Every structure is written in structure tokens, then in C-alpha cells.
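The sequence lines fix the lettering, A, B, ..., with proteins before strands; numbering per chain opens at 1. Source: prediction; values computed, not measured.
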Amino acid sequence: MGKAGEQHTAAHGTERHLQELQEQLPIANARKQLISLVKAHQTLVLVGETGSGKSTQLPQYLYKAGLAEGKSIAVTQPRRVAATAIARRVAQEMGVQLGAEVGYAVRFDDRSSTATRIKYMTDGMLVREALIDPRLSRYKVVVLDEAHERTLPTEILFGLMKQIQEQRKGGLKLIVMSATLDAAKFAHFFDGAKVIYLQGRQYPVEMLYVSEPVDSYLDAALRTVVQIHVDEPSGDILVFLTGQDEIETLQRLIPERSLQLDDAESHGKMLVVPIYAALQPEQQANVFKPTPPGMRKVILATNIAETSITVPGVRYVVDPGFVKARSYNARLGSDSLQVVPISKAQARQRSGRAGREAPGKAFRLYTEAAYLGLQAASAPEIQRVSLASLALQLKQLGVADVRAFPFMDPPPPTALARALELLLALGALDQRGALSQPLGAQLVRLPLEPVFGKVLLSGAAMSCSEEALSVVSMASTDPVFLSSRNKQEVSTEMRKQFMSPLGDHITLLNVLTSYMKVTKSERGRWCEERLLNARSLRKALEIRGQLREHLLSLKVALKSCGDDLEPLRRAILSGLFMHAAILLPDNTYKVIASGQIVSIHPSSVLSGHKPRCIVFDELLRTTRNYVRNVTVVEPAWLPEIAPIFFQNKGSMVGRGH
DNA sequence: GAGCACTGC
């Protein structure tokens with residue numbers, strides 16, 4: 001096909017860049033100014049480009065200037081790796097032991113002590129600390145980094161900080177750090193906080209757009225990769241795709257296409273490496289291996305390469321402009337996963353990946369007009385997810401009326417109403433809407449969605465805490481059964497040895513129970529032979545251990561129900577009753593709570609079976625409404641286990657045929 | 001009888 005690539009044209013420079021903004025400084029030159037600004041203002045909004053050093057340098061400046069006043073500086077990050085990596089680097093720069101003056105705290109890993117004065121942590125960890133100490137009294141300064149990502153915990157911290165600042169009357173400084181231009185919004189929310197811009201260390205990236213919209217972005221991506229390979233000097237190519245399927249397709253097509261190229265007209269061979277979250281760790285490691293001489297690496301990535309993973313050596317980015325995003329329908333209580341256009345902020349983030357080490361080029365497989373038509377940023381998480389856990393935490397934080405909490409962007413009223421209804425139905429709230437004792441108070445301590453917390457606590461009450469621990473831990477991790485189209489039959493065969501006619505939860509329990517009996521050194525191989533995701537199982541076991549500790553501290557007896565799994569299934573129902581469904585004559589199911597018609601997902605062990613009544617974890621809308629992770633229950637249990645909820649639905653259960 | 005992006009406590 002020679003050089004017949006996409007027609008790309010250069011951008012005309014209409015994009016507003018940080019460089020054009022006033023007061024922009026390299027952080028080292030701004031040191032004194034920053035310190036005095038923090039002294040003078042209660043809240044500061046810091047906009048820093050990539051590589052501005054704001055996350056590593058600023059906390060050190062403030063600490064050395066004595067602004068912690070004997071207390072500590074908390075720096076939050078949305079991701080564990082960032083929190084731990086930055087803490088290590090800062091400890092090294094300051095020449096102190098990690099865990100002494102500088103430390104970090106993330107789930108399963110606490111490297112902090114009473115001596116820690118600069119504490120890096122995930123935003124969720126700071127929320128956990130606030131649940132115990134709502135005034136965050138051990139901190140003098142809180143830094144909310146990557147605020148533009150608008151994660152659910154950071155969202156809570158925004159409102160909480162506003163409240164604490166009133167209570168502590170200037171006793172707590174807040175610094176909001178953002179990589180994008182949302183500064184005005186943050187500043188406005190925090191009553192006109194001072195905004196500072198910091199210069200970064202990023203090389204220029206040339207933006208290239210297609211001149212006409214493309215029919216198929218996958219085709220266009222393939223052609224563009226080949227075009228770059230033929231026309232451009234050395235440097236690796238990063239392609240953003242929406243999922244495993246697309247990655248596997250291009251993984252097959254790129255080598256086929258490159259066979260048709262003469263080595264003379266291109267720069268050696270292309271080495272195609274995939275990267276996505278579900279990929280096994282050993283294969284993930286391939287993206288970090290240096291590109292062999294005379295070759296060009298083509299990285300096929302999901303969104304994981306947008307923020308979580310930085311691949312070295314990338315000079316060219318190919319961006320089709322789409323992402324697979326989850327959205328939550330509060331009214332129906334269902335999720336859907338759809339391929340949608342990215343936002344301008346995401347487009348900038350993606351193209352920025354070409355300029356980490358040298359000037360680069362970004363090939364956008366959409367027109368410049370299309371770019372200008374994208375929404376500025378994707379909707380914050382709070383607009384897109386179930387708010388049950390958030391509402392529960394706000395109650396613990398002393399917010400009597402969660403609707404009146406100072407949200408930066410208020411969540412949809414229906415979503416908040418649904419969350420409160422669910423908490424009431426679970427028994428986590430009393431009739432006045434306060435946290436119930438002891439259930440509500442126990443649920444808020446557990447690092448689980450409230451529905452799964454309820455499963456666990458009911459399991460404990462029904463003398464099957466050991467089994468409930470396993471079920472809930474397995475439900476909290478990524479799928480354990482590896483799925484790849486080519487290994488389909490083997491995978492199904494392997495699953496049989498764990499399969500239970502009682503459903504997926506019991507099947508998952510069987511997997512974890514077997515896994516726990518395997519010696520540590522054998523576990524990797526054991527998983528490999530059975531096509532099980534080793535990482536998921538390792539994580540499930542970690543979660544299980546942590547939850548077990550929680551049960552012990554709640555003084556809950558740890559018991560096993562042995563072979564009689566009825567109490568366990570009742571426990572599962574006691575948390576998931578909103579997701580109970582009854583068989584209809586046409587072999588579909590009707591969700592009792594919402595009236596939705598659903599089918600059992602073909603990946604479920606119950607697919608093809610027709611139990612009269614089921615409960616499930618998740619309702620996903622794709623080609624149909626599918627439910628996943630399903631357990632068989634008895635219709636008669638419904639009014640026993642959730643009497644208030646099923647009082648008026650009794651007749652419907654009876655009709656269940 | 002399909003096909004799930006990514007985080008986190």
C-alpha cells in the first residue's frame with residue numbers, strides 16, 4: 001500500500017496554552033513567592049504543567065519553611081503508584097529514611113510514622129482518616145493533587161476542606177493542584193482563592209489532524225501507524241484504543257501490513273506491544289523494555305497509558321479520539337459501558353505523551369473542527385456512579401443532610417435519592433436518616449460498597465463469615481477467569497472444576513478456597529495452568545485478610561458454615577436484594593425492585609439454567625440487559641430477609657411462575 | 001449465547 005496514509009494537516013494554533021497565561025514561573029524561581037503566598041492565603045490553586053515539580057518540590061518548601069508548625073502536610077494522589085513513587089523520591093531528595101519525616105500511606109501499605117511530616121497518600125486514605133478524625137487535626141496543610149481528575153474521594157475532600165476551614169478558622173491550609181485550566185472553577189468554589197501558574201518541562205508536540213472525518217478509526221489507526229513508520233524518524237508510537245478487542249485486532253493486522261513494506265523504505269521492523277490493565281504483569285512489562293536497535297516499538301494501549309503508565313521512548317501518538325466509559329443509570333440501577341468520544345482535556349493529555357523526552361507529533365484521527373467540538377472535560381465521577389458509599393461516608397462525617405453538602409458540582413438528585421433509599425433499605429440509616437447502630441457504623445468502617453459490607457456482616461451474623469469473606473473479596477477484584485477468544489474452550493473446561501449449580505458467587509468461593517490451599521510458591525503456576533488471573537487472586541486474598549482484621553476489630557466471631565451453603569446464600573441476598581429477579585415464562589428475568597427485564601450473562605455458570613429466583617452483582621447494558629455474578633435463591637427468602645422492601649412486592653414474587 | 005475502560009478504601 002506504499003505511503004497511502006491518512007491525510008494529516010497541522011493545527012493552526014487556536015488552542016490556548018498555558019504559556020500564554022500570566023505569572024508563570026519555574027518552581028525553583030517561585031520558591032519564596034510560593035511560601036509567602038501560602039502564608040498569606042488560606043487556599044491556593046496551583047496550576048502546573050507536566051514536570052513542573054509541584055508535587056515533589058512544594059511540600060518540601062513548605063515543610064522547610066516551618067509551615068507545618070509541628071503538625072503534618074498531607075499530599076493526596078488519586079493513584080497508589082503515584083503516592084508511593086513521589087514519597088520515595090522526596091525522601092531521597094531530603095536525605096531521610098522513607099517512613100521518617102517523609103512517608104506514604106496507601107491501602108495494604110503504610111510507610112508512615114508519628115515522625116512523618118510530609119505524608120503522601122491516596123485521596124481515599126485521607127477520607128478514611130477523616131472518618132475517624134473529621135477535623136483532620138493532625139494536619140496543618142492539605143494538598144489535593146491531580147484535582148482536575150475529580151475522583152469521588154477528592155470530591156468529598158473539596159467539600160470537607162471547606163467545612164473544616166470554617167471550623168478551624170485559618171488553622172488548616174489547602175492547596176489544590178491541577179494540571180488543567182479548571183483553576184477558575186476551583187478558585188471560585190474556595191471563595192476566590194489565589195491562583196498561581198507553574199511552568200513545566202514538556203517538549204513541544206506538533207498536532208496533526210485528519211482533513212476529513214475517517215470512516216473507521218481502527219483502519220485509520222493502522223494506516224497512520226504504517227505512515228509514521230515509513231515517513232518519520234526513529235521514535236516509538238503510542239496508539240490509544242478503547243479495549244482488549246481492538247488491541248488484539250491491531251496486534252494481528254500491523255505485522256501483516258508491515259510484511260508488505262520494504263525494509264528500505266521504512267525504519268526497520270515494527271515491534272508491537274499491547275498494554276491494558278487486564279494483561280498479565282509479565283506481558284505488561286514488555287512495554288518498558290528498551291526498543292531493540294533498528295526496531296520501532298508500537299504500543300497499543302487503552303486509557304491506562306493516559307495517566308497510570310508512562311511509556312518511555314514515545315515520540316508519536318496516534319489518537320482515534322475514543323474511550324470506553326462506564327455510565328450509571330440511577331433510575332434503573334444499571335451500568336452501561338460504551339465507546340464515546342474523549343474530551344479536550346483527554347485529547348491534550350494523550351498528545352502530551354509524545355513530548356515527554358523530546359519534541360513529538362500527535363496524529364489525531366479526527367478533524368480540527370471535531371476537536372473544537374469536544375466537551376472540555378469528561379463528566380466528573382460523581383455524576384456517573386452509585387453514591388451509596390459517598391452518602392454513607394458523608395453521614396459519618398457529620399453531614400446530616402447530604403443534599404446540602406457543599407459539592408463542587410452537585411450530583412444528580414435522583415442518584416443521591418437512590419443512594420439514601422438503598423442505605424435505608426439495607427438498614428444502614430435509621431428512620432431519621434442518621435447512621436444506624438451498630439450496622440451503619442460498622443458498614444462505614446469497611447472498605448467495601450455498602451451492599452457488600454452488608455453481605456459480610458450478615459454472613460457473620462449467620463455463622464458463615466469465612467465464606468462471606470471469600471465471596472465479598474472475590475467480588476471486589478477483577479474477573480479471575482481469564483478470557484481471550486482464542487483460549488475460550490480451554491477456559492470453559494478449566495472452570496468446570498470450580499463450578500457450582502448454586503451460581504457464580506459460590507463458584508468464586510470455590511476458586512479462592514482452592515487457591516488458599518496451594519502453597520505460595522506454587523500459586524503462580526497453579527493459576528497459569530487453570531487460566532486464572534493470578535493478580536486478581538492475589539489481590540482477593542489481600543482484601544480478604546484486611547476485611548478479616550476489620551471483622552476481628554468489630555468483635556465479630558469468625559465461623560464457617562461448612563458444606564451447608566444456605567446461610568451464605570441468604571447473606572448474599574441480604575445485601576443484594578435490590579438485585580433480586582424472578583424468572584418469566586420466556587426465560588428472561590424481571591428485577592423486582594425496578595421491573596427491568598434482564599438475561600443471565602452467557603459467561604455466568606447459570607447461563608442456560610433456569611432457577612426461579614436469582615440475585616446478581618451487576619446489571620450491564622450491552623446488546624441486551626445482562627446480569628453478571630449470579631446466585632440462586634429461594635423466593636420465600638425475600639420477605640424474610642428484606643421485609644420492609646418486599647412488603648408490597650409480595651404478590652409479584654408469588655407470580656414468579 | 002457474549003465479549004469489561006480505569007481507579008480506590
Side-chain angles (χ1 to χ4, degrees), chain A residues 76-83 105-110 121-132 146 149-156 240-249 275-279 301-309 322-327 335-340 342 346 349 378 381 384-385 389-390 392-393 396 443-450 452-453 473 476-479 481-488 491-492 533 536 539 542-543 546-547 549-550 587 599-604 606-609 617-618 620-629:
Chain A
T76 69
Q77 293 287 334
R79 279 171 290 278
R80 294 162 49 95
V81 278
V106 298
R107 190 180 190 181
F108 308 126
D109 194 4
D110 186 352
M121 55 175 94
T122 42
D123 48 8
M125 281 303 262
L126 190 57
V127 170
R128 284 282 149 198
E129 287 193 9
L131 294 176
I132 295 162
E146 311 286 3
E149 292 197 24
R150 306 289 302 271
T151 64
L152 215 47
T154 293
E155 213 80 59
I156 294 176
F240 284 98
L241 299 169
T242 67
Q244 184 177 347
D245 232 35
E246 289 181 3
I247 289 175
E248 286 177 356
T249 303
I275 177 84
Y276 48 92
L279 196 68
T302 59
N303 243 15
I304 195 171
E306 212 176 274
T307 48
S308 304
I309 284 179
F322 288 92
V323 66
K324 202 175 279 183
R326 192 163 211 148
S327 65
D335 278 318
S336 65
L337 205 57
Q338 284 171 312
V339 173
V340 295
I342 57 171
Q346 278 181 294
Q349 176 72 18
S378 32
E381 199 181 358
R384 294 183 285 117
V385 297
S389 174
L390 173 131
L392 190 71
Q393 289 171 358
Q396 171 71 18
L443 284 178
V444 78
R445 297 272 171 209
L446 295 171
L448 287 171
E449 280 299 312
F452 288 116
S473 306
S476 304
T477 56
D478 291 332
F481 295 109
L482 288 176
S483 66
S484 180
R485 281 173 200 266
N486 33 14
K487 288 179 184 168
Q488 169 97 38
S491 173
T492 311
N533 188 331
S536 294
K539 193 174 152 201
E542 253 185 334
I543 293 173
Q546 190 190 34
L547 293 174
E549 292 301 315
H550 272 101
N587 294 334
S599 303
I600 296 178
H601 194 277
S603 68
S604 168
L606 292 178
S607 177
H609 298 59
D617 281 8
E618 193 181 31
L620 201 69
R621 244 167 336 120
T622 52
T623 50
R624 307 164 72 166
N625 288 328
Y626 281 111
V627 297
R628 303 158 56 88
N629 275 358

Subject >> Side-chain N or O of Ser603(A) closer than 4.0 Å to phosphate OP1/OP2 of dG3(B) >> reply: no
Subject >> Proximal nucleotide (of dA2(B), dG8(B), dC6(B)) relative to the Tyr276(A) side chain >> reply: dC6(B)
**OP:** Salt-bridge test for Arg79(A) and Glu149(A): reply yes if a basic N is under 4.0 Å from a carboxylate O, no otherwise.
**Re:** yes
**OP:** To the nearest Å, give me how far apart CG (Leu126(A)) and P (dC9(B)) are.
**Re:** 12 Å
Original post:
What nucleic acid atoms does Leu448(A) come within less than 4.0 Å of, heavy atoms only: base, sugar-phosphate, or nothing?
Top reply: base
Original post:
Under 4.0 Å between a side-chain N/O of Arg445(A) and OP1 or OP2 of dC9(B), yes or no?
Top reply: no
Original post:
Is the phosphate of dC6(B), meaning OP1 or OP2, less than 4.0 Å from a side-chain N or O of Thr302(A)?
Top reply: yes
Original post:
What is the distance, rounded to the nearest whole Å, between atom CD1 of Ile304(A) and atom C1' of dA5(B)?
Top reply: 10 Å
**OP:** To the nearest Å, give me how far apart NZ (Lys539(A)) and P (dC6(B)) are.
**Re:** 12 Å
Subject >> dG8(B) OP1/OP2 closer than 4.0 Å to side-chain N/O of Arg79(A) >> reply: no
**OP:** Please tell me if the side chains of His601(A) and Arg624(A) come closer than 4.5 Å, counting only heavy atoms from C-beta onward.
**Re:** no
Original post:
Looking at Glu155(A) and Arg150(A), does any basic side-chain N land under 4.0 Å from a carboxylate oxygen?
Top reply: yes
Original post:
Where each residue is assigned the nucleotide of DNA chain B containing its nearest heavy atom, which of Ala277(A) and Pro447(A) is assigned the position nearer the 5′ end?
Top reply: Ala277(A)
**OP:** For Ser536(A) and Thr477(A), work out which heavy atoms get closest and say how close.
**Re:** O-CG2, 3.6 Å
**OP:** Give Val127(A) one of three labels, base, sugar-phosphate or nothing, depending on what nucleic acid heavy atoms sit under 4.0 Å from its own.
**Re:** nothing
Subject >> Candidate nucleotides dC6(B), dG8(B), dG1(B), ranked by approach to the side chain of Ser308(A) - the nearest >> reply: dC6(B)
**OP:** Identify whether any heavy atom of Leu620(A) sits under 4.0 Å from a base atom; if not, whether one sits that close to sugar-phosphate; answer base, sugar-phosphate or nothing.
**Re:** base
Original post:
Tell me: CZ of Arg150(A) to P of dT7(B), nearest whole Å?
Top reply: 21 Å
**OP:** State whether Thr151(A) places a side-chain N or O below 4.0 Å from either non-bridging phosphate oxygen (OP1 or OP2) of dG8(B).
**Re:** no
Original post:
Hey, is the side chain of Thr622(A) poking within less than 4.0 Å of OP1 or OP2 on dG3(B), counting only N and O atoms?
Top reply: yes
Subject >> Heavy-atom closest pair, residues Ile247(A) and Tyr276(A) >> reply: CD1-CD2, 3.6 Å
Original post:
Whole Å only: how far is the CG atom of Leu241(A) from the C1' atom of dA5(B)?
Top reply: 12 Å
**OP:** Could you tell me whether Ser389(A) contacts a base, only the sugar-phosphate backbone, or nothing, with contacts defined as non-hydrogen atoms closer than 4.0 Å?
**Re:** nothing
Original post:
Hey, does Thr122(A) reach any base, or is it just sugar-phosphate, or nothing, if we go heavy atoms under 4.0 Å?
Top reply: sugar-phosphate
Subject >> Residue pair Asn303(A) / Gln346(A): nearest heavy atoms and the distance that separates them >> reply: ND2-NE2, 3.6 Å
**OP:** Please report, rounded to the nearest Å, how far the P atom of dA5(B) is from the CZ atom of Phe322(A).
**Re:** 16 Å
Original post:
Nearest of dA5(B), dC9(B), dG1(B) to any side-chain atom of Gln244(A)?
Top reply: dA5(B)
Original post:
Expressed in angstrom and rounded to an integer, what is the separation of Ile247(A) atom CD1 from dA5(B) atom C1'?
Top reply: 10 Å
Original post:
Rounded to whole angstrom units, what separation is found between the CZ atom of Arg621(A) and the P atom of dA2(B)?
Top reply: 17 Å
